[in-house]
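As structure tokens, the structure follows; a few thoughts come after it.
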Amino acid sequence: MVTLHGKNIHLRALEPEDLEFVYAIENDENIWEVSNTITPYSKFLIRQYLENAHQDIFEAKQLRLTICKKGNSEAIGLIDLFDFDPKNKRAGVGIIIQNEIDRNSGFGKEALGLVIDYAFEQLQLHQLYANIGTENKASLSLFTTFGFVEIGVKKDWNYNNNAFQDEALFQLIKK
């Protein structure tokens, strides 16, 4: 299983003990718009998901890691590689930090940097992409810090809060 270590955080594989954390994230209606969730998840379904989380990225076509502060195993967020395509050497990337205090502490930036390095160096990917709502200033800033470039905007792509919202597609190609 993957464990990545940074200066202030580490990323680790999901564990059965993460049930309550993942349940809280997946059922937080305030973040459904970034995860494209429209219905709540039961603990039963999340428990089944966690039981299968041992699959490697080549089996599952995704890798979800928990973001933990250094010296602590308690999760503060999740970072995913999804739509893993080894033939074309690409994957999508997404991140969520659960609470506002931790969102503004640089943990997301450090986690994204670790995953980019892992994707390019260990998985030998050629590119990563991210779908980001055009109103999500924090994510736009985070991803562009690492050199992600906007390559297009999907107009009226997501329906949230009784309105259609645009979503930008960002891409980072390994140099």
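In this chain, numbering begins with 1 at the start of the sequence shown.
The backbone N or O of Ile101 lies less than 3.5 Å from a partner atom in the side chain of Asn99, making a donor-acceptor pair. Between the side chain of Thr66 and the main chain of Arg12, a donor-acceptor pair closer than 3.5 Å is present. Using a distance-only test at 3.5 Å, with no hydrogens or angles considered, no donor-acceptor pair links the side chain of Ser141 to the main chain of Lys137. When atom types are taken as modelled, the side chain of Asn161 and the backbone of Ala163 share no donor-acceptor pair closer than 3.5 angstrom. Using modelled atom types, no side-chain atom of Glu167 and backbone atom of Asn158 make a donor-acceptor pair closer than 3.5 Å. Formation of a donor-acceptor pair under 3.5 Å by the Asp18 side chain with backbone atoms of Glu15 is found in this model. The backbone N or O of Gly133 lies less than 3.5 Å from no partner atom in the side chain of Gln165, so there is not a single donor-acceptor pair.
Residues Ser73 and Cys68 approach most closely at O-SG, 3.4 Å, considering heavy atoms. Ala111 approaches Ile67 most closely through the heavy-atom pair CB-CD1, 3.8 Å.
In the hydrophobic cluster analysis, where Ile, Leu, Val, Met, Phe, Trp and Tyr join through side-chain heavy atoms closer than 4.5 angstrom, Ile132 is grouped apart from Trp157.
Heavy atoms of other residues, nucleotides or ligands lying less than 6.0 angstrom from CD of Gln124 number more than 12.
Considering only heavy atoms from C-beta on, Asn27 comes within 4.5 Å of Ile46 through its side chain. With contacts defined as side-chain heavy-atom distances shorter than 4.5 Å, the pair Pro86/Lys61 qualifies.
One distance of note links CD1 of Ile9 with CD1 of Ile97; it measures 7.5 Å at 0.5 Å rounding. Atom CG of Leu128 and atom CZ of Phe143 lie 9.0 Å apart (nearest 0.5 Å). Considering CZ of Arg90 and CZ of Phe84, their distance stands at 11.5 Å, rounded to 0.5 Å. Rounding to the nearest 0.5 angstrom, the gap separating the CD atom in Glu17 from the CD atom in Glu74 is 12.5 Å. Between atom CG of residue Leu81 and atom CD1 of residue Ile95 there is a gap of 11.0 Å, rounded to the nearest 0.5 Å. Put simply, CG on Leu63 and CG on Asp80 are 8.0 Å apart, with the number rounded to the nearest 0.5 Å.
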Give the C-alpha distance, both sets of side-chain angles, the deciding distance and a yes or no for side-chain contact (heavy atoms from CB on, under 4.5 Å) between Leu140 and Glu150.
-> CA-CA 9 Å; Leu140 294 170; Glu150 182 180 307; 5.5 Å; no
Evaluate side-chain contact (heavy atoms from CB on, under 4.5 Å) for His126 paired with Ile173, printing each intermediate quantity in order.
-> CA-CA 6 Å; His126 174 66; Ile173 297 177; 3.4 Å; yes
Just do the side-chain contact (heavy atoms from CB on, under 4.5 Å) check on Asp166 and Asp156 with the steps written out, would you?
-> CA-CA 5 Å; Asp166 297 347; Asp156 289 347; 3.9 Å; yes
Go through the steps to decide whether Leu125 and Lys174 satisfy the test side-chain contact (heavy atoms from CB on, under 4.5 Å), and finish with yes or no.
-> CA-CA 8 Å; Leu125 296 184; Lys174 183 178 179 182; over 6 Å; no
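Remark: aromatic rings of Phe170 and Phe148 are distant, center separation not under 6.0 Å.
Counting only residues at least two apart or in different chains, ring-ring contact (aromatic ring centres under 6.0 Å, His included) contacts with residues 5-30 comprise His5-His10.
A salt bridge links Glu26 to Arg64: at least one charged side-chain nitrogen sits closer than 4.0 Å to a carboxylate oxygen.
Judged as a salt bridge (Lys or Arg N to Asp or Glu O under 4.0 Å), and not counting sequence neighbours, the contacts of Arg103 are Glu100.
In this structure, Phe82 belongs to a hydrophobic cluster whose other members, linked by side-chain heavy atoms under 4.5 Å apart, are Tyr129, Ile151, Leu169.
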